[in-house]
Amino acid sequence: MREIEAVVLAAGKGKRMVSALPKVLHSICGRPMLAYVLDTLAAVGVSAPIVVIGHEGEQVRAALGDGLRYAVQEEQLGTGHAIMQALPHLEGYSGTVLVVYGDVPFLRPETIETLLAHHRSQGASATILTDLRDDPSGYGRVLRDANGNVRRIVEEPDASPQEREVREINAGMYAIECGALRDSLHALQPANAQGEYYLTDAITALLDGGHTVAAVVVASGQEATGINSRADLARAEAAMRTALLDTLMAAGVTVLDPQATYVHAGVRVGRDTVLHPGTVLEGRTVIGDGCAIGPGARLTDAEVGNGATIVYSTVTASTVGEGSRIGPYSHLRPGVRLGRFVEVGNFAELKNATIGDRTKVHHMSYIGDATVGAGVNIGAGTVTCNYDGRTKHHTIIEDGAFIGSDTMLIAPVRVGRGAVTGAGSVVRREVPQGGVAVGMPARVIRRRPVNDAS
Ligand code: UD1
Ligand code: CA
């Protein structure tokens, strides 16, 4: 498709969200709703649309980054007023402009293609996208004449009871010839129930001026859904999640209970992996083949190798090697890199630590800021004492070491290859390769005689 211009309206406050965050930055399956709209435009070849920002605009700009063109709408005086702010960017352009609202995240690239094809074949000045909804409430209604031609779009607050009965709604996506757009915007007046400059009135202005306005009805009901409230957001989240899980299942993932499994867009899961209920996969999480995840697992930006098992645990920004077993009740904080066939068990917390193959960290241990070799056994209650109140220090435990239960490793410290620490030892100095460090055993004191009951 040849390069065309597109304007995305994202300046609104989103009053109905009742939020400090601009509406278009509210997330659906982990991504701002606006990101979906931008992806869809990119898929039809519009890589640098003009984004109209306004309310908390700097937040929107920071979230989207460079590579887009921004127009600022200082005061949110309506969708027609918003598009006026984009006009300087369209100086000298005379082709078709796509206008999309930033709160319509389900739009598909195919639909934009259909809209543009229809727009061209009809030789229309503007083509609007519409949808037939069982419940049209909240949307602008598309009014047609007896011949079926679009007559105007009426917003719900301005509509008569009969007009509200109309089920065809304005989906919030238009193809408009740039010259016609410029001319029609001059005519806008905020003479309506909301006191705003409506882009929808520009359509009426075009018709009044003798222009052709065409319409395309979207294929699927979901697609035209606009997100205005938290309830809309929750429904959108559920619909998007269902679609994401369907895609995973089609690619060979078992999802035991899709109603109780939560995934972000962009998460990847390998074949024959089983997702148990209460699994939450977030961010850029990637899971290999043949894993068992959950019940009750929250993975954020995690990378999990083939055949791993994670039960009732939290893994954040960490790597879990092939065949490793995590949980129940383990917490991998950022910066953990587990090798292959590692075991991390009950109430173990790990942070910024590299753990070698086949090492075991069970029962209430804390391993932070550490490099642990392969085949190490970390006894119950072991703690790397990494913080002296000012600075974090590193612990090194080499291959094959045996760390007795309740060992306190006062970092910086090293335990050499194959070394052993006794239960309860407090290790302050390096234990050399093959060395043994034993703590102070409790003294046994017999103070008083015990009556022998027998
Ligand atoms: C709008 C349409 C309605 C349509 C519906 C589709 C108008 C007047 N109404 O209604 O016909 O059925 O979308 O979802 O166009 N925005 C700005 N600046 C503003 C106001 C809004 O940039 O001053 C942006 C918002 O950020 C949002 C989009 O425009 O992304 C739509 O605004 P919104 O207030 O949600 O319009 P609706 O009432 O939903
Ligand atoms: Ca809306």
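Every number for a ligand or one of its atoms is a count from 1 in the order of the listing. Quick caveat: nothing in here was measured; it's all calculated off a predicted structure. For the single chain, residues carry numbers from 1 onward in sequence order.
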For Ser365 and Glu349, does a side-chain donor sit closer than 3.5 Å to a side-chain acceptor? no

Do Tyr198 and ligand 1 have an N or O pair less than 3.5 Å apart? no

For Gly12, is at least one N or O under 3.5 Å away from an N or O on ligand 1? yes

Have a look at His394 and tell me which of Thr384, Thr371, Asn386, Asp369 forms a side-chain hydrogen bond (donor to acceptor under 3.5 Å, both in side chains) with it. Thr371

Close N or O approach (Tyr101, ligand 1; < 3.5 Å): yes

Just wondering, are more than 12 heavy atoms of other shown residues or ligands nearer than 6.0 Å to CZ in Arg284? no

Counting from 1, what ligand 1 atoms have a heavy atom of Thr79 closer than 4.0 Å? 7 (C), 8 (C), 15 (O), 20 (C), 21 (C), 29 (O), 31 (C), 32 (O)

Taking atom types as modelled, find out whether Arg133 and Thr225 have a side-chain donor-acceptor pair closer than 3.5 angstrom. yes

What I want to know is whether Leu199 and ligand 1 share at least one N or O pair that is separated by under 3.5 angstrom. no

Can you tell me if Met408 has over 12 outside heavy atoms packed within less than 6.0 Å of its CE? yes

Tyr139 side chain to Asp131 side chain, donor-acceptor N/O pair below 3.5 angstrom: no

Go through ligand 1 atom by atom and flag the ones less than 4.0 Å from a non-hydrogen atom of Gln76. 23 (O)

Go through ligand 1 atom by atom and flag the ones less than 4.0 Å from a non-hydrogen atom of Leu77. 23 (O)

Output the atom name for the N/O/S atom of Asp103 with the smallest distance to the Ca ion (ligand 2). OD2

Assess whether atom NZ of Lys360 is packed by more than 12 heavy atoms of other residues, nucleotides or ligands within 6.0 Å. no

Proximity of Gln73 to ligand 1 by residue part, where a heavy atom lies under 4.0 Å: side chain

Do the side-chain N and O atoms of Glu343 and His362 include a donor-acceptor pair separated by under 3.5 angstrom? yes

Decide, counting backbone as well as side-chain atoms, whether Tyr101 has an N, O or S atom less than 3.0 Å from the Ca ion (ligand 2). no

Please walk me through it: do His363 and Phe347 pass side chain to side chain contact (heavy atoms under 4.5 Å, CB included)? CA-CA 6 Å; His363 339 289; Phe347 304 105; over 6 Å; no

Are any of the N/O atoms on Asn170, whether in the backbone or the side chain, positioned under 3.5 angstrom from an N/O atom of ligand 1? yes

Any N/O pair Gly102/ligand 1 closer than 3.5 Å: yes

Are more than 12 heavy atoms from other residues, nucleotides or ligands located less than 6.0 Å from atom CZ of Arg167? yes

Pair Asp39 + Arg31: basic N to acidic O under 4.0 Å: yes

Which bit of Ala10 is near ligand 1, meaning a heavy atom under 4.0 Å away: side chain, backbone, both or neither? backbone

Measure the distances from the heavy atoms of Gly78 to every atom of ligand 1 and state whether one is below 4.0 angstrom. yes

When only distance counts, is Tyr139 in polar contact with ligand 1, meaning an N/O pair under 3.5 Å? no

May I ask whether Arg16 places a heavy atom under 4.0 Å from ligand 1? yes

With a cut-off of 4.0 Å, which atoms of ligand 1 are near a heavy atom of Ala82? 17 (C), 18 (N), 22 (O)

Would you sort out whether Leu107 and Leu129 count as a side chain to side chain contact (heavy atoms under 4.5 Å, CB included), showing the intermediate values? CA-CA 10 Å; Leu107 269 185; Leu129 189 68; 3.7 Å; yes

Give the atoms of ligand 1, by number and element, whose distance to some non-hydrogen atom of Lys23 is under 4.0 Å. 35 (O)

Can you confirm whether more than 12 heavy atoms, excluding those of Arg298, are under 6.0 Å from its CZ atom? no

If the contact criterion is a heavy-atom separation under 4.0 Å, does Glu196 count as touching ligand 1? no

Would Val24 count as being in polar contact with ligand 1, using the rule that some N or O on each side must be under 3.5 angstrom apart? no

What is the nearest protein non-hydrogen atom to atom 22 (O) of ligand 1, stated with its residue, atom name and distance? Ala11 N, 2.9 Å

Tell me, please: is Glu155 in heavy-atom contact with ligand 1, that is, under 4.0 Å? yes

Under 3.5 Å, is there a donor-acceptor pair linking the side chains of Gln122 and Thr127? no

Yes or no: does Ile169 have any heavy atom under 4.0 Å from an atom of ligand 1? no

Of the backbone atoms (N, CA, C, O) and the side-chain heavy atoms from C-beta on, which set of Glu156 has a member under 4.0 Å from an atom of ligand 1: side chain, backbone, both, or neither? neither

Measure the distance from atom 30 (O) of ligand 1 to every protein heavy atom, then report the residue, atom name and distance (to 0.1 Å) of the closest one. Leu9 O, 2.9 Å

